[in-house]
There are 2 protein chains.
Amino acid sequence: MMRDPDELKNAGLKATLPRLKVLSLFENSKDRHLSAEDVYKILLTTGEDVGLATVYRVLTQFEQAGLLVRHHFESGKAVFELNQGGHHDHIVCIKCGRVEEFCDEEIEKRQKLAASERGFTIQEHSLYIYGICTKQPCPHKA
Amino acid sequence: MMRDPDELKNAGLKATLPRLKVLSLFENSKDRHLSAEDVYKILLTTGEDVGLATVYRVLTQFEQAGLLVRHHFESGKAVFELNQGGHHDHIVCIKCGRVEEFCDEEIEKRQKLAASERGFTIQEHSLYIYGICTKQPCPHKA
DNA sequence: TTCACTGCAAACGATTTGCAGGTCC
DNA sequence: GGACCTGCAAATCGTTTGCAGTGAA
């Protein structure tokens, strides 16, 4: 289930093994949001031989190439997700780590308004909601 | 311009010198948003003798006591501001570091709706807008 | 061949922690 | 007096970087 090398070539990156592995990991993992540590550990258990430093480098390159988006949830560690176009916001369960995405056009609109009213040109924006998912036992890890 | 010790006592904290200094700093500084490093440096230049570790400890205690609110902007370092009740969102200039606050009831309302629709009990939420302030020369530092 | 890429280990910046001594009530 | 605080230095955590070897085109 390895990724098409062209996708990397188009981004100006050589299609090396570590890159293909990381990219396919994001495309096939059921968790959309992964930290560098997550990626590293998954690759380890898969028997892949990739250094943690390389994971960090590749993730940053992918972010710059627009393939991934980096987020800073409260955890202190950065998490990445596939960039599939449209902007969206996040609801993070502080108990189980589950992340749900949503997008509200009205919120988007009012953010832009708030910024322009104050003379700001928006570069990016992020809305994080931290809470507890009340759906019986938390569906994810502890 | 030292703070009323009762405010600390009420929070269950002994009214020690470092705590009073830090608290009064937040109340008298013209910058509402300060990092631990900021606080430490200001205290140094004021001739105060407070350790960086103590600053970190005090800031965390104040946050737990509800006196301060901690934010994680993109910078990588945490910033704190006085907790004056009402929730509000932030617009951060990525060039000069200026922080403006705003609050939009409609956005608040729709956040709550989005969370409850997905079975989440909101614990906290933060909306950060990163941009560039177009008001001629950036009013703050470089 | 050649230059980009990699792994490893050391370096880093922000924050935390262990500990011996000092302080508030 | 005793529990709580403090400063200092060492430890931790996430992340970055220097360097010598490896691999894609």
Side-chain angles (χ1 to χ4, degrees), chain A residues 2-23 25 33-44 46-65 67-80 97, chain B residues 2-23 25 33-44 46-65 67-80 97:
Chain A
M2 192 70 55
R3 201 69 191 310
D4 182 10
D6 287 348
E7 193 150 4
L8 287 174
K9 301 254 183 69
N10 294 340
L13 298 168
K14 274 186 190 166
T16 65
L17 237 46
R19 287 180 183 152
L20 291 170
K21 289 176 192 164
V22 170
L23 192 47
L25 201 169
H33 302 83
L34 301 172
S35 68
E37 193 71 29
D38 292 336
V39 171
Y40 178 62
K41 284 198 187 128
I42 294 176
L43 290 180
L44 276 193
T46 316
E48 309 291 0
D49 178 29
V50 181
L52 179 55
T54 299
V55 171
Y56 274 104
R57 274 186 289 235
V58 168
L59 289 176
T60 301
Q61 290 159 350
F62 284 0
E63 184 199 12
Q64 288 165 349
L67 294 174
L68 295 179
V69 179
R70 182 194 303 252
H71 293 287
H72 294 94
F73 296 152
E74 287 211 316
S75 63
K77 31 172 47 177
V79 300
F80 298 79
Chain B
M2 191 70 54
R3 200 71 189 308
D4 181 12
D6 288 348
E7 192 149 3
L8 287 175
K9 300 255 183 68
N10 294 340
L13 298 168
K14 275 186 188 166
T16 65
L17 236 47
R19 287 180 182 152
L20 291 171
K21 288 176 193 165
V22 170
L23 192 47
L25 201 169
H33 302 83
L34 300 171
S35 69
E37 193 71 29
D38 291 337
V39 171
Y40 178 63
K41 286 200 186 125
I42 294 177
L43 289 180
L44 275 194
T46 317
E48 310 291 358
D49 178 28
V50 181
L52 180 54
T54 299
V55 171
Y56 274 104
R57 274 186 289 235
V58 168
L59 289 176
T60 301
Q61 289 159 349
F62 284 1
E63 185 200 9
Q64 288 166 349
L67 294 175
L68 295 180
V69 180
R70 183 195 302 252
H71 293 286
H72 293 95
F73 297 151
E74 287 211 315
S75 65
K77 30 169 51 174
V79 300
F80 298 80

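Throughout, a chain's letter reflects where its sequence line sits, starting with A, and its residues are numbered from 1.
- Remark: P of D:dC13 and OH of A:Y40 are 15 Å apart, rounded to the nearest angstrom.
- Remark: C1' of D:dG7 and CG of B:L44 are 13 Å apart, rounded to the nearest angstrom.
- Of the possible polar contacts, none joining the B:T46 side chain to the B:E48 backbone as a donor-acceptor pair under 3.5 Å is found.
- Side chain of A:R19 to backbone of A:V58: no donor-acceptor contact under 3.5 angstrom is found.
- Computed from coordinates, the B:Q61 CD to D:dC4 P distance equals 12 Å when rounded to whole Å.
- As rounded to whole Å, 16 Å separates atom C1' of D:dG7 from atom OH of B:Y56.
- Put simply, the side chain of B:F62 reaches to within 4.5 Å of the side chain of B:L8, judged on heavy atoms.
- With hydrogens and angles ignored, a donor-acceptor pair under 3.5 angstrom links the side chain of B:R57 to the base of C:dG18.
- With rounding to whole Å, A:K14 atom NZ is found 15 Å from C:dT1 atom P.
- Side-chain contact between A:K77 and A:V79 is absent, with no heavy-atom pair separated by less than 4.5 Å.
- Rounded to an integer number of Å, the gap from A:L13 CG to D:dA25 C1' is 15 Å.
- Each of B:G76 and A:D49 lies near DNA chain C, and the nucleotide nearest A:D49 is the one positioned closer to the 5' end.
- Using a 4.0 Å heavy-atom distance criterion, A:T16 is classed as a sugar-phosphate-only contact.
- Checked against C:dT17, D:dG7, C:dT15, the side chain of B:L52 finds its nearest nucleotide in C:dT15.
- For the pair B:K9 NZ and D:dC5 P, the computed distance is 12 Å after rounding to whole Å.
- Side-chain proximity of A:A53 to C:dT6, D:dG7, D:dT16: nearest is D:dT16.
- As a whole-Å value, the separation of A:L8 CG from C:dA4 P is 17 Å.
- For B:T60, the side-chain atoms get nearest to C:dT16 when compared with the rest of D:dT15, C:dT16, C:dT15.
- Rounding to the nearest 0.5 angstrom, the gap separating the CZ atom in B:F80 from the CG atom in B:L25 is 13.0 Å.
- Here B:K77 lies in heavy-atom contact (under 4.0 Å) with sugar-phosphate atoms only.
- Nearest to the side chain of B:R19, among C:dC25, D:dT6, C:dA14, sits D:dT6.
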